Amino acid sequence: MEKRIAIAIDGPAAAGKSTVAKRVAQVLNFTYVDTGAMYRAFTYAVIQKGLDPKDEEQAVSLIPGLSIDLAENGHVYLNSQDVTDVIRTPLVSGNVSYIAAMKPVRLALVEMQRAIAEKKSVVMDGRDIGTYVLPNAEVKIFQIASVETRAIRRYEENLEKGLKTTLKEVEEDLRKRDYIDSHREFSPLKPAPDSVLLDTSYMSVLEVVEAILKIIKEKTGIEILCH
Ligand code: DC
């Protein structure tokens, strides 16, 4: 059997990880795994059941029997319900960091993430992929950008999706999430010591993809034909 390869792309919210990771996965013909979507789907499950996303006992009660599927076409399913769009709404974005700080939730989702990477070569994006989920990943990228750049990117994405938010609201949400994500006790957002730091504040998507492919080629020797 061919050796499976793992590419970890971590970094703060809205640093452009998912756009880039999806493209890199496409070029390499690897599976793209959006771990943030899993935390978002869990958060939606809690909200949908009328539970309090800040109450660990209530949230954790949903773990048994929970099924989250990331389909190859990019759709996200929660117990067979298509939640692709609803998990991007401000209600979910504003609560997901509380859920992601709960250790039992993380342990359950990390188990699913590792199971995917055991079966396939992956490009996995998140916050703790290089540090905790896949510490032996062949390539680890820590992608950053200034909070102002990230807020504009996310605001424009929201506009395209028809989501009504102001730039100020988006920036406040990012600052709040960055703070909670990097200060939580278990598995906080931080670069792995062996990761490559990539500041994308002044780079286009294409430039970031090219830079990451170059790093992958150098570190793994994979032949990247055309993209
Ligand atoms: O990447 P995103 O914005 O969709 O992630 C949503 C939230 O999930 C984010 O605020 C932090 C959390 N998250 C995490 O804690 N660990 C991951 N591996 C991925 C996301």
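Worth knowing before you read on, the calculation uses all heavy atoms, side chains too, and leaves out hydrogens, waters and symmetry mates. Whatever order the structure lists them in is the order used to number ligands and atoms, beginning at 1. Just so it is clear, the model here is predicted, and its values are computed rather than measured.
Side-chain contacts under 4.5 Å among hydrophobic residues (ILVMFWY), followed directly or transitively, place Y98 together with I180.
The environment of CZ in F186 is crowded: more than 12 heavy-atom neighbours from other residues, nucleotides or ligands sit within 6.0 Å. The number of heavy-atom neighbours closer than 6.0 Å to NZ of K49, taken from other residues, nucleotides and ligands shown, is 12 or below.
Contacts of ligand 1 (protein heavy-atom distance under 4.0 Å) are T35, G36, Y39, R40, R88, V96, S97, A100, R106, G126, R127, D128, I129, R177, D181, R184.
Scanning for side-chain hydrogen bond (donor to acceptor under 3.5 Å, both in side chains) contacts around E157 gives R154, with sequence neighbours left out.
Between the side chains of R40 and S93, a donor-acceptor pair is found at a separation under 3.5 Å.
Among residue pairs with one or both ends in residues 73-95, those qualifying as salt bridge (Lys or Arg N to Asp or Glu O under 4.0 Å) are D34-R88; sequence neighbours excluded.
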